[in-house]
Amino acid sequence: MSSYIDHLECTVCGKSYPHEQLIGISPCCEKVLFARYDLAKLGREVDRDSLSSRTDSMWRYAELLPVDDPGNIVTLGEGGTPLIKSRNLAQKLGMRNQFIKDEGLNPTGTFKARGISAAVSKAVELKVDGFTMPSAGNAAGAAAAYGARSGMETKVFMPQDAPDANKKETLVAGSELNLVAGLINDAGREAVAVAKEIGFFDLSTLKEPYRAEGKKSMGLEMVQQLGWKMPDAVIYPTGGGTGIIGMYKGFKELLELGWIEGKQPKFISVQADGCQPIVRAFDSGAATSELWENATTKADGLRVPHPFADYLILEAIRETGGTALAVSDDEMIAAMYEMATAEGIFPAPEGAGTLVGLKKLLEQKFLDPDESVVLFNTGSGYKYLDLITGP
């Protein structure tokens, strides 16, 4: 169970770089770097069916993750989240194969644990001294937890109005909390500057190659849970977009390995109507997005006004025949109640937004009730108790 990572590759020009060196963005184009694997060798030496007997965590897929030495893995048991087939919601919507992938059951309560585990583990392997992390909320808590687990110093940068729950989980895990005036992009600038100044590894979304690899495991896990079959559509709440990018990349790898067949699912991006740069770019036919001014939403994970990897998100949506749409805060909060009442899953507003998106796309006949559709709940509603009214 050792990695088959071979090199890093610029996603714009294709230039290769050694994975044994600490590199953030591509030096050539200053864009996203992807980890590339020796898939031909992996296909010859690893039997897909052998994975079923392994530990039920994301590290079950170690050969397709970037850490060479298993001794460097920093884990809290991330991954292995359930793929729950909807009953009451599916019946209400007239669907036969509608699923919810519940990422709220990860350590720290969100899907962020996967990406941070992969990135921190590789950073340990590369012998970094510490980390910086800009975050709108949940990534900060995950960075603090995995930084504590690794024994390395972590400096977190968050908007001043980030959720109190995320601030507190950062502090309780011993990380340094820095509150920044502005949004996630402003926090990101400070995190990058501090990382350069003191020689830390900056964990900004897709400004290093490894968080996407951890997020990729959501897709690997999902298709294994479906009997090594891809669904017809994946509906995903999109802030920085690492989940869509990682899964799209992971499905390409599985197809090349011959472990799955057919075409990729339609990737559907759901954003908040108060911050929808990907929706606007998709609708206009643009290859990249523009900064969304005065971004605002109660779904803090969606408050990313200018995703660094916008071109990769848009490629995944367009190449799979997907789409992008926006939903309101009120719709997301109502869907938190609806999903919890119907299926017992208490979603974050970001995850609840996927249910809103599904209903809109069924009404528009973009999706057919006979199609298999997976909604991704990316976090636990317990992080957002302030949105729930009551005694």
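Since we're looking at a predicted model, the values are computed, not measured.
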| Do Thr75 and Trp59 have side-chain heavy atoms sitting under 4.5 Å apart? | yes
| query | Do Glu253 and Trp259 get their side chains close enough for a donor-acceptor pair, meaning under 3.5 Å? | reply | no
| field | Glu290 atom CD: more than 12 heavy-atom contacts under 6.0 Å | value | no
| request: Considering only NZ, NE, NH1 and NH2 on the basic side and carboxylate oxygens on the acidic side, decide whether Arg303 and Asp161 come within less than 4.0 Å. | output: yes
| said: Starting from Leu314, can I reach Val279 by hopping between I/L/V/M/F/W/Y residues whose side chains sit under 4.5 Å apart? | reply: no
| field | Under 3.5 Å donor-acceptor, Glu78 side chain and Pro107 backbone | value | no
| task | Output yes when Asp56 and Arg60 qualify as a salt bridge under the 4.0 Å nitrogen-oxygen rule, no when they do not. | result | yes
| message | Test your reading of the model: is there a side-chain donor-acceptor pair from Trp292 to the backbone of Val304, 3.5 Å cut-off? | response | no
| request: Please check if any side-chain donor atom of Gln224 sits under 3.5 Å from a side-chain acceptor atom of Tyr61, or the reverse. | output: yes
| query | How long is the gap from CG on Leu203 to OG1 on Thr154, to the nearest 0.5 Å? | reply | 7.5 Å
| Are the charged groups of Lys216 and Glu213 less than 4.0 angstrom apart, N to O? | yes
| request: Verify the distance criterion only: is there a donor paired with an acceptor across the side chains of Thr81 and Asp102 at less than 3.5 Å? | output: no
| field | Between Thr11 and Tyr311: side-chain donor-acceptor atoms closer than 3.5 Å | value | yes
| query | Does some side-chain heavy atom of Ile84 sit less than 4.5 Å from a side-chain heavy atom of Phe99? | reply | no
| task | Check step by step if side chain to side chain donor-acceptor pair (under 3.5 Å) holds for Lys252 and Gln264. | result | CA-CA 8 Å; Lys252 282 187 174 182; Gln264 289 221 31; over 6 Å; no
| query | Should we count CZ of Arg149 as having more than 12 external heavy atoms under 6.0 Å? | reply | no
| query | Would you say Lys112's side chain and Ala140's backbone share a donor-acceptor pair under 3.5 angstrom? | reply | no
| request: Answer yes if Val192 and Leu22 sit in the same cluster of Ile, Leu, Val, Met, Phe, Trp and Tyr residues linked by side chain heavy atoms under 4.5 Å apart, and no otherwise. | output: no
| request: Return yes if some donor-acceptor pair links the side-chain N/O of Thr170 with the main-chain N/O of Asn166 below 3.5 Å, else return no. | output: yes
| query | Can you list the steps and then say if Thr238 with Gln271 is a side chain to side chain donor-acceptor pair (under 3.5 Å)? | reply | CA-CA 6 Å; Thr238 309; Gln271 295 199 293; 5.7 Å; no
| said: Quick check: is Ile345 connected to Tyr382 through a chain of hydrophobic side chains (ILVMFWY, heavy atoms under 4.5 Å apart)? | reply: no
| task | Could you tell me whether Arg48 atom CZ has more than 12 heavy atoms of other residues or ligands within 6.0 Å of it? | result | yes
| query | Would Lys266 and Thr323 count as having a side-chain donor-acceptor pair, cut-off 3.5 Å? | reply | no
| request: Assess whether ring pair (Phe, Tyr, Trp, His ring centres under 6.0 Å) is satisfied between Phe200 and Phe131, documenting all intermediate values. | output: CA-CA 5 Å; Phe200 276 19; Phe131 312 99; 7.6 Å; no
| message | Any carboxylate oxygen within less than 4.0 angstrom of a Lys/Arg side-chain nitrogen, looking at Lys359 and Glu331? | response | no
| N/O donor-acceptor pair under 3.5 Å between Ser284 side chain and Ala281 backbone | yes
| request: For the residue pair Val327 and Asp273, establish whether any side-chain heavy-atom pair is separated by less than 4.5 Å. | output: no
| said: Same cluster or not: Ile313 versus Leu206, using hydrophobic residues (I, L, V, M, F, W, Y) connected whenever any side-chain heavy atoms lie under 4.5 Å apart? | reply: yes
| query | Can you check salt bridge (Lys or Arg N to Asp or Glu O under 4.0 Å) on Glu63 and Arg44, steps first, answer last? | reply | CA-CA 12 Å; Glu63 290 88 349; Arg44 292 193 302 269; over 6 Å; no
| Pair Thr297-Asp329, side-chain donor/acceptor within less than 3.5 Å | yes
| query | When you look at Met339 and Ile100, which way does the side chain to side chain contact (heavy atoms under 4.5 Å, CB included) test go after all the steps? | reply | CA-CA 10 Å; Met339 189 179 290; Ile100 301 167; 4.0 Å; yes
| Listed by chain and number, what are the side chain to side chain contact (heavy atoms under 4.5 Å, CB included) partners of Glu197, not counting sequence neighbours? | none
| request: Using the six-membered ring wherever Trp is involved, compare the ring planes of Tyr236 and Phe111 and label them parallel, tilted or perpendicular (cut-offs 30° and 60°). | output: perpendicular
| query | What distance do Leu220 atom CG and Leu64 atom CG have between them, rounded to the nearest 0.5 Å? | reply | 6.0 Å
| said: Main chain of Pro66, side chain of Lys122: is a donor-acceptor contact present, judged purely on distance under 3.5 Å? | reply: yes
| task | Decide whether Thr378 and Glu350 meet the rule of one side-chain donor and one side-chain acceptor closer than 3.5 Å. | result | no
| query | Would you call Glu153-Lys155 a salt bridge at under 4.0 Å N-O? | reply | yes
| message | Does any part of the side chain of Ser121, heavy atoms only, come nearer than 4.5 Å to the side chain of Tyr210, both counted from C-beta? | response | no
| request: Under the side chain to side chain donor-acceptor pair (under 3.5 Å) rule, what do Ser372 and Asp232 come out as? Steps first, then yes or no, please. | output: CA-CA 5 Å; Ser372 58; Asp232 294 308; 3.2 Å; yes
| said: Tell me whether Arg87 at atom CZ has more than 12 heavy atoms from other residues, nucleotides or ligands lying less than 6.0 Å away. | reply: no
| field | More than 12 heavy atoms from other groups under 6.0 Å of CD on Glu45 | value | yes
| said: Closer than 3.5 angstrom, by distance alone: can the side chain of Asn88 be matched with the main-chain N or O of Ala342 as a donor-acceptor pair? | reply: yes
| task | Mind running side chain to side chain contact (heavy atoms under 4.5 Å, CB included) on Tyr337 and Phe346 for me, showing each step along the way? | result | CA-CA 8 Å; Tyr337 284 84; Phe346 185 17; over 6 Å; no
| message | side chain to side chain contact (heavy atoms under 4.5 Å, CB included), that's the test. Do Val270 and Ile235 meet it? Break it down for me. | response | CA-CA 7 Å; Val270 172; Ile235 306 183; 3.6 Å; yes
| query | Are Met158 and Leu183 co-members of a hydrophobic cluster defined by side-chain heavy atoms under 4.5 Å apart? | reply | no
| Taking it one step at a time, do Lys298 and Ile333 satisfy side chain to side chain contact (heavy atoms under 4.5 Å, CB included)? | CA-CA 9 Å; Lys298 293 178 180 178; Ile333 294 170; 4.0 Å; yes
| said: Set out, in order, the CA-CA distance, both residues' side-chain angles and the distance that settles side chain to side chain donor-acceptor pair (under 3.5 Å) for Asp330 and Ser328, then state yes or no. | reply: CA-CA 5 Å; Asp330 287 345; Ser328 72; 5.4 Å; no
| field | Ionic contact status for Arg280 with Asp283, cut-off 4.0 Å | value | no
| Ionic contact status for Glu221 with Arg114, cut-off 4.0 Å | yes
| said: Hydrogens and angles aside, do Asp310 and Ser289 bring a side-chain donor and acceptor to less than 3.5 Å of each other? | reply: yes
| field | Ser26 (side chain) donor-acceptor with Glu30 (main chain) under 3.5 angstrom | value | yes
| Cation over ring, Lys249 on Phe34, under 6.0 Å and within 45°? | yes
| request: Might you confirm whether atom CG of Asp49 has over 12 heavy atoms from other residues, nucleotides or ligands at distances under 6.0 Å? | output: yes
| task | May I ask you to say whether Glu169 pairs ionically with Lys383, meaning some side-chain N is under 4.0 Å from a carboxylate O? | result | yes
